[in-house]
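Heads up, the thing below is written out as structure tokens.
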Amino acid sequence: ILKRDLLEAGHEVLDLGTSSTASVDYPDFGRAMADAIASGRVQRGVLVCGTGIGISIAANRNAKVRAALVHDVTSARLSREHNDANVVAFGQRLIGPETAREALKVFLDTAWAGGRHVDRVAKLSKD
């Protein structure tokens, strides 16, 4: 659903998997997204796993990634405004598709506020 929404909104999508319903190891996909961000192949990312917790932890192991686990439009907006998050993570078991769709739109449409947050975000990106 989220991929379709992104394509319909005119975004290019680099789909890093999975491509089946088989059980997978979420750290592999979090790392793949982090590598895509760090290399500059993509500017922003979307991650989904059962809770969103593990995959966001995996992605955040890379200093170039600021992955935010969001549960609603408010957390999506604040993740961009205050933290300049470049990856949004969703827990498929924790929020419904409509909430995820709305939160993704807000995440993509919200600008970073900068200002008092600049030094804080810089500290997040240090190795």
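In this chain, numbering begins with 1 at the start of the sequence shown.
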Hey, any chance [X] and [Y] share a hydrophobic cluster, counting ILVMFWY side chains that come within less than 4.5 Å of each other, even indirectly?
X      : Y      : result
Ile95  : Leu104 : yes
Val24  : Leu2   : no
Leu108 : Phe90  : yes

**Asked** Among Val42, Val65, Asn62, Val46, which residue meets the side chain to side chain contact (heavy atoms under 4.5 Å, CB included) test with Val87?
**Response**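 It is Val65, the one option of Val42, Val65, Asn62, Val46 that forms the side chain to side chain contact (heavy atoms under 4.5 Å, CB included) with Val87.
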Contacts table for residues 27-39: side-chain donor-acceptor under 3.5 angstrom, sequence neighbours left out:
residue	atom	partner	partner atom	Å
Ser39	OG	Asp35	O	3.0
Ser39	OG	Ala36	O	3.2
Ser39	OG	Arg41	N	3.4

For the residue pair [X] and [Y], what are the closest heavy atoms and their distance?
X      : Y      : value
Leu94  : His71  : CD1-CE1, 4.1 Å
Leu47  : Ala59  : CD1-CB, 3.7 Å
Val73  : Ala103 : CG1-N, 3.8 Å
Trp112 : Glu81  : CD1-O, 3.0 Å

Taking the side chain as C-beta and beyond, is there a heavy-atom pair between [X] and [Y] under 4.5 Å?
X      : Y      : result
Asn83  : Arg66  : no
Arg116 : His82  : yes
His117 : Arg120 : yes

**Request:** Could you walk me through whether Phe107 and Arg77 pass side chain to side chain contact (heavy atoms under 4.5 Å, CB included), step by step?
**Result:** CA-CA 6 Å; Phe107 180 84; Arg77 180 178 53 80; over 6 Å; no
**Message:** When you measure from the side chain of Asn60 to the backbone of Ala67, do you find a donor-acceptor pair of N or O atoms at a distance under 3.5 Å?
**Reply:**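 Checked: pair present.
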**Message:** Keeping Asp15 on the side-chain end and Gly17 on the backbone end, is there a donor-acceptor pair under 3.5 Å?
**Reply:**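 Yes, because the side chain of Asp15 sits within donor-acceptor range (under 3.5 Å) of the backbone of Gly17.
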Donor-acceptor list for residues 48-55 side chains, cut-off 3.5 Å, not counting sequence neighbours:
residue	atom	partner	partner atom	Å
Thr51	OG1	Ile53	N	3.1

**Gln43 CD: over 12 foreign heavy atoms closer than 6.0 Å** =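 Counting neighbours around CD of Gln43, 12 or fewer heavy atoms of other residues, nucleotides or ligands fall under 6.0 Å, so no.
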**Message:** Would you say that more than 12 heavy atoms from the other residues, nucleotides or ligands in this model lie under 6.0 Å from the CZ of Arg4, or not?
**Reply:**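 Yes, because the 6.0 Å sphere around CZ of Arg4 holds more than 12 heavy atoms from other groups.
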**Prompt:** Just how far is it from atom OG1 of Thr18 to atom CG of Asp25, taken to the nearest 0.5 Å?
**Reply:**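 Answer rounded to 0.5 Å: 11.5 Å.
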**Message:** With rounding to the nearest 0.5 angstrom, report the CG to OG distance, Leu69 to Ser79.
**Reply:**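 Here the interatomic distance stands at 10.0 Å.
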**Request:** May I ask you to list the residues sharing a hydrophobic cluster with Leu124, side-chain cutoff 4.5 Å, ordered by chain and number?
**Result:**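 Members other than Leu124 - counting any ILVMFWY side chain reachable under 4.5 Å - there are none.
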**Item:** Working for salt bridge (charged side-chain N to carboxylate O under 4.0 Å, His left out), residues Asp109 and Lys105
**Value:** CA-CA 6 Å; Asp109 291 345; Lys105 182 172 180 356; 2.7 Å; yes
**Asked** Going through the checks in order, is the salt bridge (charged side-chain N to carboxylate O under 4.0 Å, His left out) test met by Glu98 and Arg101?
**Response** CA-CA 5 Å; Glu98 288 308 311; Arg101 293 175 76 198; 3.0 Å; yes
**Prompt:** Taking NZ, NE, NH1 and NH2 as the nitrogens, is one of them in Arg80 or Asp84 under 4.0 Å from a carboxylate oxygen of the other?
**Reply:**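 Answer for the salt bridge query: yes.
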